[in-house]
Amino acid sequence: MSWQAFVPADGATAVYEAVTFDGRTVQLPARFDYAAEWQGSTWMRLQFGTVEVGQDGAAMYFDIPEPWMMRWAGAESTQAVTDFVQVEYPAEPVVFDFLKLPGETIYLETDIVGDYGDFTATMGLTLAMSLAALVESIEVPAGAFDALHLEMVAGGELIGGLIDTEWWLAPDGFFVKWEEPPGFRSLQLVEGWSG
């Protein structure tokens, strides 16, 4: 099985239920684009909601240049209760080699640039990613899925200390659930990907 089994078509859309940092539960449209401009380059973009001041939204920028490799370029997010766009990106794109899983944990270190409205900072970032389950049954509002379950701990100088994130990827649902994604406390699929 390759990345193509998991990734939606260019321009595909879905609906997710998101829990915001201030405790609201909202439903957001999602969209996947194969070519979006970010920091002067072209990347794939996974977007939830609307990334504008006064709206709830988040977008992740990355690409998958070869099977089971991913380069992460950054993320931006907004919340309806804040008045700025939060932007975070590594000094150089971070490369994840998923072929190392499940046999080992992927450890990465980099610097990340963070723009938080009234200040900008460059911080050290450490990442430790591991495979929780090759196939795990999970139920979300969109239905039941057999998903790949990944876990990652992000640390270093990030605001808020350590961040434990985990996500479930399914061939027929892409990200079906995501705990502690950029911009939200959680996301889960409500209406599957189409288009």
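Note that the numbering runs from 1 along the sequence shown for the chain.
No single ILVMFWY cluster, assembled from side-chain heavy atoms under 4.5 Å apart, contains both L187 and F21. L169 and V15 fall into different hydrophobic clusters, where Ile, Leu, Val, Met, Phe, Trp and Tyr residues are linked whenever their side-chain heavy atoms come under 4.5 Å apart, directly or through other members. With hydrophobic clusters built from ILVMFWY side chains whose heavy atoms lie under 4.5 angstrom apart, M60 does not share a cluster with V19. V26 is connected to L189 through a chain of hydrophobic side-chain contacts under 4.5 Å among Ile, Leu, Val, Met, Phe, Trp and Tyr, so both are in one cluster. In this structure, L46 is not a member of the same hydrophobic cluster as V190, with clusters built from ILVMFWY side-chain heavy atoms closer than 4.5 Å.
Between F174 and F6, the ring center distance fails the sub-6.0 Å criterion.
Atom NZ of K100 is separated from atom OG1 of T105 by 11.0 Å, given to the nearest 0.5 angstrom. From M152, atom CE reaches atom CG of L108 across 9.0 Å, with rounding to the nearest 0.5 Å. Rounded to the nearest 0.5 angstrom, R45 CZ and F62 CZ are separated by 11.0 Å. Between atom CZ of residue R71 and atom CG of residue D63 there is a gap of 4.0 Å, rounded to the nearest 0.5 Å. For the atom pair L28 CG and T50 OG1, the distance stands at 8.0 Å (nearest 0.5 Å).
Heavy-atom contacts from other residues, nucleotides or ligands closer than 6.0 Å to CD of E92 number 12 or fewer. The environment of OH in Y107 is sparse: at most 12 heavy-atom neighbours from other residues, nucleotides or ligands sit within 6.0 Å. Within 6.0 Å of CD on E136 lie more than 12 heavy atoms contributed by other residues, nucleotides or ligands.
At a threshold of 4.5 Å between non-hydrogen side-chain atoms, the residues Q86 and E76 do not count as touching. The shortest side-chain heavy-atom distance between T42 and Y34 does not fall under the 4.5 Å cut-off. With contacts defined as side-chain heavy-atom distances shorter than 4.5 Å, the pair Y116/E88 qualifies. Residues F175 and W168 fail the side-chain proximity criterion, which asks for heavy atoms closer than 4.5 Å.
Nearest heavy-atom pair, S137 versus D146, reported as atom, atom and distance to 0.1 Å: OG-OD1, 3.1 Å. Scanning all heavy atoms of the two residues, the minimum distance from V176 to A147 falls at CG2-CB, 4.3 Å. The shortest heavy-atom contact between G195 and A12 is O-CB, 4.1 Å. In plain terms, the two heavy atoms of M69 and V95 that are nearest each other are CE-CG1, 3.6 Å. Across A73 and P90, no two heavy atoms sit closer than the pair O-CD, 3.3 Å. In terms of heavy atoms, L101 sits closest to M129 at CD2-O, 4.0 Å.
Side-chain atoms of W167 and E179 form no donor-acceptor pair, as typed in the model, at a separation below 3.5 Å. With 3.5 Å as the limit, one finds no donor-acceptor pair spanning the side chains of T122 and D111. Side chain to side chain, W178 and T165 meet the donor-acceptor criterion of an N or O pair below 3.5 Å.
Shown here are the side-chain hydrogen bond (donor to acceptor under 3.5 Å, both in side chains) partners of Q79, two or more places apart in sequence or in another chain: there are none.
Using modelled atom types, one side-chain atom of D115 and one backbone atom of G117 make a donor-acceptor pair closer than 3.5 Å. Formation of a donor-acceptor pair under 3.5 Å by the Y16 side chain with backbone atoms of S186 is not found in this model. A donor-acceptor contact shorter than 3.5 Å is absent between the side chain of D33 and the backbone of A35. In this structure a side-chain-to-backbone donor-acceptor pair under 3.5 Å is missing from T13 to A30.
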message: For I106 and L127: C-alpha separation, side-chain torsions, deciding distance, then whether side-chain contact (heavy atoms from CB on, under 4.5 Å) applies.
response: CA-CA 8 Å; I106 300 173; L127 300 170; over 6 Å; no
- request: Report the C-alpha separation of T78 and D56 in whole Å, then their side-chain angles, then the decisive distance to 0.1 Å, and conclude whether the side-chain contact (heavy atoms from CB on, under 4.5 Å) test is met.
  value: CA-CA 5 Å; T78 55; D56 292 307; over 6 Å; no
- request: With side-chain contact (heavy atoms from CB on, under 4.5 Å) as the test, would you mind laying out the steps for F98 and M70 before giving the verdict?
  value: CA-CA 8 Å; F98 288 94; M70 185 189 78; 3.8 Å; yes
- prompt: How far apart are the C-alpha atoms of Q27 and E17, what are their side-chain angles, what is the distance that settles it, and do they pass the side-chain hydrogen bond (donor to acceptor under 3.5 Å, both in side chains) test?
  reply: CA-CA 4 Å; Q27 288 201 358; E17 180 182 275; 4.8 Å; no
- prompt: Checking side-chain contact (heavy atoms from CB on, under 4.5 Å) for the pair L150/L131: CA distance, chi angles, key distance, verdict?
  reply: CA-CA 5 Å; L150 295 165; L131 178 68; 3.8 Å; yes
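Members clustered with Y89: W38, W43, V51, V53, Y61, V85, V87, V113, by chain and number, using a 4.5 Å side-chain heavy-atom cutoff among hydrophobic residues.
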